[in-house]
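It should be emphasised that the depicted structure is a prediction, and the values quoted were computed from it without experimental measurement. First listed ligand is number 1; within each ligand, the first listed atom is number 1.
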Amino acid sequence: MYSLFDHEALEAFRTEHKRQPYRIRQIETAIFHQWIKDIDEITTLSKDDRKLLSDTFDVIPFTCEKILEDEETTKFLFRTTDGKVIETVLMYHYHTNEDTGVIKLNRVTLCISSQVGCAVGCIFCVTGTLGLLKNLHRTEILAQVIYANNYLKQKLGKKEDGSLWSVRNVVFMGMGEPLMNYPNVKKVCEFLSSEYYFGLSSKRITVSTSGVYQGLEKFITDNLPVSLAFSLHAPNQELRAHLVPMAKFYTLDKLMELMDEYVRVSDRQVFYEYVMIRDENDTDEVAHQLGRLLRNRRGHLNLIPYNQNPAIDLHESDPEQIKRFKKIVESYDVTVTIRQNMGRKEKSACGQLGYEAAQEKLKHATSDQPKQ
Ligand code: SAH
Ligand code: SF4
């Protein structure tokens, strides 16, 4: 099967079957502006043409197995054709009108996965406990966005201005390390930012990385029109290598040099992500070190209260300590936000993706143990 996201394949198909060039635009409009997930929904084509097309092409190369929902999030569990589970999360941001107290949905962010599992193995992340199971193909990454937009169309319909509800921000903060699947991630970023396809601005697409040196070098050279989040988690090499095992190979000094180069080349700031784990990386002393590391650098620090889960014996920092930590870093003239937690109930929060798969793995591991 070919993917309908593959413009060249579609063009070749059109030529072979002697159809008019404008047919391509019709098909791509249906996918990228009307968010159809089935070829049969392309009503601008005849029934016969739809049948012809669906013998060769598909739109969504996976099946949706489960949808878990709470007020703040929708989590999708997709099954790939080779039997792996991808998790994707919609996050709903609301706005409260201060005068009337009316709460309204303001925007929707989509958290997408670039791999199944992850090789980096951060000690605080469920996805990391799986190891790397698969790099996702660009069509499997793009289809997460189309599927989510299709879902929003069904669930929310049109906004007050008459346009369809759709994802406003896309973040590569689901499963996997995007810069270890760079060619596919690059292609997806190009689709997302292209006016012809999704038309999202650079502020609305964020690639988050734990700091993969070679991947970052390419990312900077290509100067993709997207924002960069660097999952820092520690202000010194020793603590970082403890939390992010792969950091042993990519030293912090070198990575910070790359961050400076990124700012120079892209003229954008870096979003530093910092998971707050009790007694691991949340002391006053560490906050001072972090302040010294980030002062005079163009960036913004997000403190993320650690999302706990039963598979890992770590704890969320005390909320008072997070506030104290923030104040200390701010005293170095660094801008800091404490990220609100979303989706903890449905295990849809950062670092909780892969939860289902990790539970399965744990069950098998225990049942495989020889009986005493
Ligand atoms: N691999 C990339 C992107 C996916 S992880 C990266 O590490 O940046 C997305 C974000 O979730 C990262 O900032 C990561 O540090 C954070 N995260 C992972 N586990 C978490 C947990 N248990 N609680 C809170 N945030 C977590
Ligand atoms: Fe991989 Fe990111 Fe999880 Fe670390 S935090 S294991 S890099 S997905």
Side-chain angles (χ1 to χ4, degrees), residues 73 86-89 91 109-136 141 144 169-182 184-185 188-189 205-213 215-216 219 226-234 239-250 255 259 270-278 280-282 299-317 322 337-344 347-355 357-358:
T73 60
I86 313 176
E87 299 184 24
T88 307
V89 184
M91 295 180 283
T109 298
L110 185 68
C111 181
I112 56 175
S113 295
S114 54
Q115 298 182 312
V116 181
C118 180
V120 180
C122 301
I123 65 166
F124 48 84
C125 172
V126 183
T127 309
T129 64
L130 298 171
L132 177 63
L133 301 177
K134 168 186 157 93
N135 265 334
L136 290 176
I141 305 176
Q144 297 171 52
N169 298 67
V170 176
V171 295
F172 284 83
M173 293 189 183
M175 298 167 86
E177 169 48 58
L179 295 190
M180 286 189 164
N181 185 14
Y182 186 67
N184 285 302
V185 167
V188 171
C189 289
I205 311 165
T206 304
V207 170
S208 175
T209 180
S210 58
V212 178
Y213 205 81
L216 267 169
F219 179 85
V226 301
S227 301
L228 176 67
F230 173 34
S231 296
L232 181 61
H233 309 316
L239 182 56
R240 196 160 191 273
H242 164 63
L243 299 172
V244 182
M246 209 162 270
K248 288 185 193 78
F249 306 108
Y250 311 111
L255 287 170
M259 291 305 129
V270 176
F271 293 90
Y272 292 96
E273 309 288 295
Y274 195 103
V275 177
M276 297 289 296
I277 312 169
R278 195 197 305 163
E280 291 278 346
N281 64 352
D282 68 346
H300 182 94
L301 176 67
N302 279 318
L303 299 176
I304 314 167
Y306 169 65
N307 293 314
Q308 296 184 195
N309 67 77
I312 298 171
D313 187 22
L314 291 171
H315 303 276
E316 176 181 2
S317 299
I322 299 182
T337 329
I338 300 172
R339 170 98 56 81
Q340 84 189 97
N341 276 302
M342 297 181 89
R344 281 185 172 181
K347 299 278 177 281
S348 306
C350 292
Q352 292 184 314
L353 301 188
Y355 182 79

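- Listed by number with element, the atoms of ligand 2 under 4.0 Å from a non-hydrogen atom of Gly121 are 6 (S).
- Ligand 2 places these atoms under 4.0 Å from at least one heavy atom of Gly176: 8 (S).
- Summarising the geometry of Leu243 relative to His233, their closest heavy-atom pair is CD1-O, 3.5 Å, with the distance given to 0.1 Å.
- Here's the thing with Gly176: one of its N/O atoms is less than 3.5 angstrom from an N/O atom of ligand 1.
- Using a 4.5 Å cut-off on side-chain heavy atoms (C-beta onward), Asp282 and Ile322 make no contact.
- For atom 3 (C) of ligand 1, the candidate residues are Cys125, Ser210, Ser208; the nearest heavy-atom contact is made by Ser208.
- Those atoms of ligand 2 with a heavy atom of Ser210 less than 4.0 angstrom away are 7 (S).
- Heavy-atom contacts of Cys122 reach the following atoms of ligand 2: 4 (Fe), 5 (S), 6 (S), 7 (S) (cutoff under 4.0 Å).
- Side chains of Ser208 and Glu273: a donor-acceptor N/O pair is absent below 3.5 angstrom, by distance only.
- The option from Asn307, Leu314, Val120 that lies nearest to atom 23 (N) of ligand 1, judged by heavy atoms, is Asn307.
- Legend: residues meeting side-chain contact (heavy atoms from CB on, under 4.5 Å) with Ser227, ordered by chain and number and at least two apart, are Thr206, Phe271.
- Between the choices Ser231, Gly211, Gly174, the shortest heavy-atom distance to atom 13 (O) of ligand 1 belongs to Ser231.
- For ligand 1, the atoms lying closer than 4.0 Å to a non-hydrogen atom of Phe172 are 3 (C).
- No side-chain donor from either of His315 and Glu280 sits under 3.5 Å from a side-chain acceptor of the other.
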One pair to check against side chain to side chain contact (heavy atoms under 4.5 Å, CB included): Leu216 and Met259. What are the steps and the verdict?
CA-CA 9 Å; Leu216 267 169; Met259 291 305 129; 3.7 Å; yes
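- Proximity of Thr209 to ligand 1, defined as any heavy-atom pair under 4.0 Å, is confined to the backbone N, CA, C and O atoms.
- Shown in contact with Gly128 at under 4.0 Å from a heavy atom are these atoms of ligand 2, numbered in order with element: 6 (S).
- Within the structure, ligand 1 lacks Cys111 among the residues with a heavy atom less than 4.0 angstrom away.
- Considering backbone and side-chain N/O of His233, one or more are found under 3.5 Å from N/O of ligand 1.
- Side-chain atoms of Ser317 come within 3.5 Å of backbone N or O of Met276 as a donor-acceptor pair.
- Side chains of Ser113 and Glu87: a donor-acceptor N/O pair is absent below 3.5 angstrom, by distance only.
- One N or O on the side chain of Glu177 and one on the backbone of Ser210 form a donor-acceptor pair closer than 3.5 Å.
- Proximity of Glu273 to ligand 1, defined as any heavy-atom pair under 4.0 Å, is confined to the side chain (atoms from C-beta onward).
- Ligand-side atoms of ligand 1 in range of Tyr306: 21 (C), 22 (N), 23 (N), range being under 4.0 angstrom from any heavy atom.
- Partners of Tyr274 according to the ring pair (Phe, Tyr, Trp, His ring centres under 6.0 Å) rule, which considers only residues two or more places apart in sequence or in another chain, are Phe325.
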